[in-house]
Amino acid sequence: MSSPDPQVRAARNKSTSHPHRGPVVAVTGAASGVGALLTERLAASEEVKQVVAIDERRGECAEAEWHILDVRDPAIADRLRGADVVVHLALDLDLETDAAARTAYNVRGTQTVLTAAAAAGVHRVVLCTSTMVYGALPDNELPLSEDAELRATAEATGVGDLLEIERLARRAPRAHPGLNVTVVRPAVLVGGTDTALTRYFESPRLLVVAGSRPAWQFCHVDDLCSALEYAVLEKVDGELAVGCDGWLEQEEVEELSGIRRMELPSAVALGAAARLHRIGLTPSPAGDLAYTMYPWVVSGSRLHDAGWRPAYTNEEVLAQLLDEVSGRHTVAGRRLGRKDATAAGAAGATVALLGAAAVVRRARKARRRI
């Protein structure tokens with residue numbers, strides 16, 4: 001009888017050489033986005049015994065054990081039994097989602113996962129928020145320490161949800177003794193993502209608020225996944241920031257991107273953004289603008305001390321972001337169709353923003369005359 005093909009034999013050796021090695025890891029939100037990438041990464045790792053994938057639909061990773069359910073369903077506790085670590089990535093941060101529905105999903109889902117993990121005997125839960133929770137403020141140090149106070153407010157898209165998840169993370173070990181919680185906070189995430197901050201680079205001009213001091217720090221999704229894997233394998237714990245080393249000044253971003261700026265006074269930019277969002281013309285509240293005005297760069301020292309290093313630089317991630325958004329057109333956070341984009345043309349984000357604000361003013365005057 002002939003011996004097996006060398007590749008088949010190697011695969012068998014991988015699956016049997018260390019049958020009890022490593023943790024069993026459950027990943028929520030495993031069918032798409034960061035969850036899908038992490039599921040594939042962990043399933044291929046020899047340091048992970050098994051991956052349990054949980055989502056509302058089945059993903060593509062054939063090596064994972066799939067369970068189809070909503071993370072808000074208390075039945076998730078049964079699916080987590082036998083898991084050592086849970087990575088909770090089932091979050092809705094879509095700009096177009098109704099804010100109340102988004103919060104209900106994100107907060108209730110996190111609460112349920114933490115409670116279910118404790119009930120199932122899981123010893124570690126890894127949550128993912130954002131460095132946005134530190135807040136973008138004019139007096140922020142460059143860079144911030146990971147221990148810096150979380151000074152963000154709920155005025156930017158999804159940040160209120162992330163702050164509540166952070167509070168749940170801090171309370172969970174007291175409510176569930178024996179449960180350890182690690183929080184991973186990525187910088188501006190790039191790699192198949194759509195956020196108010198990635199849409200900033202879809203504008204024909206980069207809106208700059210006069211007198212502001214922006215600083216840009218990015219995080220590639222591959223680097224986020226490798227940082228999450230560090231947390232899963234308990235190479236690092238606590239509250240962790242993850243991103244590229246250092247940051248880019250606004251002038252560097254403009255030079256690298258080739259996109260020119262359009263500058264507005266603060267009162268005009270913030271006032272117009274607030275009005276446009278209030279009447280439903282744009283998905284981004286005025287609070288999103290702060291993250292393009294002031295620094296919120298974080299050092300990431302805990303991961304560095306554990307031996308982790310980013311595979312990408314800020315310059316490389318910005319280049320990928322510009323490739324991804326090429327051909328898209330966004331003004332004031334609202335993505336335009338080709339016809340709208342042609343009409344906006346070289347007028348840029350500033351003119352479009354002011355023009356929309358003028359429409360609002362005219363509509364208000366018309367109502368007062370009636």
key: Minimum side-chain heavy-atom gap His67-Val52 below 4.5 Å   =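 Yes, at least one pair of side-chain atoms sits under 4.5 Å.
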query = Quick one: are Val184 and Val126 in side-chain contact, heavy atoms under 4.5 Å?
reply = yes
Interatomic distance, [X] atom [atom1] to [Y] atom [atom2] [nearest 0.5 angstrom]:
X: Trp247; Y: Leu142; atom1: CH2; atom2: CG; answer: 4.5 Å
X: Leu168; Y: Leu163; atom1: CG; atom2: CG; answer: 11.0 Å
X: Asp55; Y: Ser32; atom1: CG; atom2: OG; answer: 5.5 Å
X: Leu248; Y: Glu255; atom1: CG; atom2: CD; answer: 10.5 Å
X: Arg261; Y: Arg205; atom1: CZ; atom2: CZ; answer: 13.0 Å

query = Which of these, Glu146, Glu149, Arg185, Arg151, sits in a side chain to side chain donor-acceptor pair (under 3.5 Å) with Tyr134?
reply =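 One option only clears the test, and that one is Arg185.
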query = Leu189 and Val242: same hydrophobic cluster, using ILVMFWY side-chain contacts below 4.5 Å?
reply =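 They do share one cluster, since a chain of ILVMFWY contacts under 4.5 Å joins Leu189 to Val242.
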query = Do Ile54 and Val232 belong to the same hydrophobic cluster, where Ile, Leu, Val, Met, Phe, Trp and Tyr are linked whenever their side-chain heavy atoms lie under 4.5 Å apart, directly or via other members?
reply = no
note = With sequence neighbours left out, the residues meeting ring-ring contact (aromatic ring centres under 6.0 Å, His included) with Phe201 are Trp216
query = Residues two or more places apart in sequence or in another chain: which of them pass ring-ring contact (aromatic ring centres under 6.0 Å, His included) with His220?
reply = Tyr312
request  = Enumerate the residue pairs fulfilling salt bridge (Lys or Arg N to Asp or Glu O under 4.0 Å) with a member in residues 113-132, sequence neighbours excluded, ordered by first and then second residue.
outcome  =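 Residue pairs passing salt bridge (Lys or Arg N to Asp or Glu O under 4.0 Å), neighbours aside: Arg124-Glu234.
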request  = Output every pair passing salt bridge (Lys or Arg N to Asp or Glu O under 4.0 Å) with a member in residues 170-184, not counting sequence neighbours, ordered by first then second residue.
outcome  =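 Every salt bridge (Lys or Arg N to Asp or Glu O under 4.0 Å) pair that includes a residue of residues 170-184, provided the two are not neighbours, is Glu164-Arg171, Arg170-Glu239.
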query = Which residues pass the side-chain contact (heavy atoms from CB on, under 4.5 Å) test with Glu229, sequence neighbours left out?
reply = Arg41, Leu42, Ser45, Leu233
For Leu270, side-chain contact (heavy atoms from CB on, under 4.5 Å) partners two or more places apart = Ser266, Leu289, Met293
request  = Please determine, by modelled atom types, if Thr131 and Trp296 share a side-chain donor-acceptor pair under 3.5 angstrom.
outcome  = no
